[in-house]
**Student:** 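I have a structure here, written as structure tokens, and I will follow up with some questions on it.
Residue numbering restarts at 1 for every chain, and letters A, B, ... go by the order of the sequence lines. The figures that follow rest on heavy atoms only: side chains count, while hydrogens, waters and symmetry mates do not.
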2 protein chains.
Amino acid sequence: MKRPAPAHPDPEAIPKVDDSTLRGFVGYRMKRAFNVIQDDLSKTLKPFELRMLTYTALILIVDNPGLRQSQLADAMDVERPNLVVILDELERRELIVRDRVPTDRRAYALKATLAGRRLSEQAVAAVTAHEDRLMRGLDDGALETLRHALKTIEARKRRD
Amino acid sequence: MKRPAPAHPDPEAIPKVDDSTLRGFVGYRMKRAFNVIQDDLSKTLKPFELRMLTYTALILIVDNPGLRQSQLADAMDVERPNLVVILDELERRELIVRDRVPTDRRAYALKATLAGRRLSEQAVAAVTAHEDRLMRGLDDGALETLRHALKTIEARKRRD
DNA sequence: TATTGTTATACTCTATAACTATA
DNA sequence: TATAGTTATAGAGTATAACAATA
């Protein structure tokens with residue numbers, strides 16, 4: 001019986017889409033690179049039932065005990081309302097607590113529980129392995145230049 | 001022995017949130033840098049009533065006349081259904097047309113109209129200026145290293 | 001049977017306005 | 001009045017299943 005033709009019998013038969021105009025832009029390349037990182041990060045965090053946002057929030061709370069929600073929202077560059085559901089999820093899983101601040105009863109002091117600190121430790125180890133995997137092929141000099149370039153771009157942030 | 005001298009003796013100076021753990025990850029820096037690029041790009045494209053996705057689609061259609069929707073979706077790394085509304089918008093604005101392919105009546109050959117080519121030309125010029133602004137401060141060597149690093153990361157894409 | 005484009009749907013991320021309880 | 005956290009809501013972006021027309 002006739003087998004269906006192989007997907008790519010001839011490399012010339014599948015003309016690659018020309019994205020040379022877009023390739024000229026760092027933003028285009030960064031979006032594509034970040035998509036790869038994000039995809040791999042999601043898979044890395046899956047076993048811990050964490051997403052990028054819940055992971056980021058957890059680490060920042062572990063590293064900054066007593067943080068207010070508004071400070072965390074500011075640090076994460078998200079609006080306050082969007083943080084609520086993220087913290088609800090971490091609190092429900094008993095990874096963090098929202099302690100009332102005695103001196104300002106409007107605010108909460110965010111703290112990680114022991115379980116939260118343990119999970120963050122494991123997650124950081126997994127994400128470190130994920131980064132090592134993705135950055136393989138870049139030497140120390142290239143990595144340092146990359147970090148510096150990203151910091152420079154971040155510093156161009158508009159506040160209008 | 002120097003004390004860490006505060007920039008100005010401001011008692012209201014809020015302590016910065018410590019994100020040193022996250023700063024260790026390129027992914028975190030890239031998300032923050034990309035947010036800045038995306039914000040600025042949105043403002044840059046606003047006068048043309050384009051978003052990142054409609055802009056990307058338009059450029060690829062201009063540069064690849066006759067492209068199929070499935071090829072474009074593949075090139076843009078989006079699922080086919082999500083492309084439909086993007087193309088609907090470009091078609092409604094008469095920037096592109098969906099021509100039937102005579103040899104395969106299931107498919108559409110995407111082509112930019114004259115208006116589409118003109119708009120894409122203007123948009124590319126504006127985005128070029130936006131990139132020049134954002135990348136200011138990076139010398140040619142750093143930029144080249146950045147491009148290469150992003151390509152290397154993109155190439156780590158998983159296909160599972 | 002497989003593929004192209006489509007519809008319907010759902011989930012995540014993000015942004016704004018308005019509310020509450022404090023200050 | 002102003003601020004911290006919340007609720008409600010809406011708009012993007014993304015992913016999957018299922019369908020009609022065509023191969």
**Student:** Distance check, rounded to the nearest 0.5 Å: A:Leu50 atom CG versus A:Met52 atom CE?
**Tutor:** 12.5 Å
**Student:** Just to be sure I understand the geometry, which residues of residues 50-62 of chain B put a non-hydrogen atom under 4.0 Å away from DNA chain C?
**Tutor:** none
**Student:** To the nearest Å, how far apart are A:Leu72 CG and D:dT6 C1'?
**Tutor:** 16 Å
**Student:** Which ones in residues 73-94 of chain B lie close to DNA chain D, meaning a heavy atom under 4.0 Å from one of its atoms?
**Tutor:** B:Val78, B:Glu79, B:Pro81, B:Asn82
**Student:** Under the 3.5 angstrom rule, does the side chain of B:Arg117 hit a backbone N or O of B:Ala112 as a donor-acceptor pair?
**Tutor:** yes
**Student:** List the atom pairs, with distances to 0.1 Å, where a side-chain N or O of residues 90-97 of chain A and a protein N or O form a donor-acceptor pair under 3.5 Å, not counting sequence neighbours.
**Tutor:**
unit_1, atom_1, unit_2, atom_2, d
A:Glu91, OE1, A:Arg98, NE, 3.3
A:Glu91, OE1, A:Arg98, NH2, 3.3
A:Arg93, NH1, A:Glu49, O, 2.6
A:Arg93, NH2, A:Phe48, O, 2.9

**Student:** Bend across the helix from C:dT1-D:dA23 to C:dA23-D:dT1, to 10°, with axes taken over 5 pairs at each end?
**Tutor:** 10°
**Student:** Please determine, by modelled atom types, if A:Arg100 and A:Tyr108 share a side-chain donor-acceptor pair under 3.5 angstrom.
**Tutor:** yes
**Student:** To the nearest 0.5 Å, what is the distance between CZ (A:Arg29) and CZ (B:Arg147)?
**Tutor:** 5.5 Å
**Student:** Any chance you could measure A:Leu114, atom CG, to A:Leu119, atom CG, to the nearest 0.5 Å?
**Tutor:** 11.0 Å
**Student:** Salt bridge between A:Asp77 and B:Arg32, side-chain N to carboxylate O under 4.0 Å?
**Tutor:** yes
**Student:** I'd like to know if the side chain of B:Arg105 and the backbone of B:Thr103 have a donor-acceptor N/O pair within less than 3.5 Å.
**Tutor:** no
**Student:** Please list, for nucleotides 19-23 of chain D, all pairs of protein and nucleotide N/O atoms separated by less than 3.5 Å.
**Tutor:**
unit_1, atom_1, unit_2, atom_2, d
D:dA23, OP1, B:Arg105, N, 2.7

**Student:** Near DNA chain C, counting only heavy atoms under 4.0 Å, which residues of residues 27-41 of chain B show up?
**Tutor:** B:Lys31
**Student:** Are B:Asp40 and B:Arg133 within salt-bridge range, i.e. N to O under 4.0 Å?
**Tutor:** yes
**Student:** Side-chain N or O of B:Ser70 versus OP1/OP2 of C:dG5: is the shortest distance under 4.0 Å?
**Tutor:** yes
**Student:** Tell me: CZ of A:Arg68 to P of D:dG5, nearest whole Å?
**Tutor:** 8 Å
**Student:** Do other residues, nucleotides or ligands put more than 12 heavy atoms under 6.0 Å from the CG atom of B:Asp140?
**Tutor:** no
**Student:** Quick one: pull up CG in B:Leu22 and OH in A:Tyr55 and give me the separation to the nearest 0.5 Å.
**Tutor:** 6.0 Å
**Student:** How long is the straight-line distance from CD of B:Gln71 back to CG of B:Leu110, given to the nearest 0.5 Å?
**Tutor:** 9.0 Å
**Student:** Are any of B:Arg98's side-chain N or O atoms less than 4.0 Å away from OP1 or OP2 of C:dT4?
**Tutor:** no
**Student:** Once rounded to the nearest 0.5 Å, what's the spacing between atom CD of A:Gln69 and atom CD1 of A:Ile61?
**Tutor:** 8.5 Å
**Student:** If the cut-off is 4.0 Å, is A:Gln69 near the phosphate of D:dT6, judged by side-chain N/O to OP1 or OP2?
**Tutor:** yes
**Student:** Tell me which one of A:His148, A:Met135, A:Glu131 satisfies side chain to side chain contact (heavy atoms under 4.5 Å, CB included) with A:Leu143.
**Tutor:** A:Met135
**Student:** Quick one: which of B:Ile37, B:Asp39, B:Leu134 gives a side chain to side chain contact (heavy atoms under 4.5 Å, CB included) with A:Arg156?
**Tutor:** B:Leu134
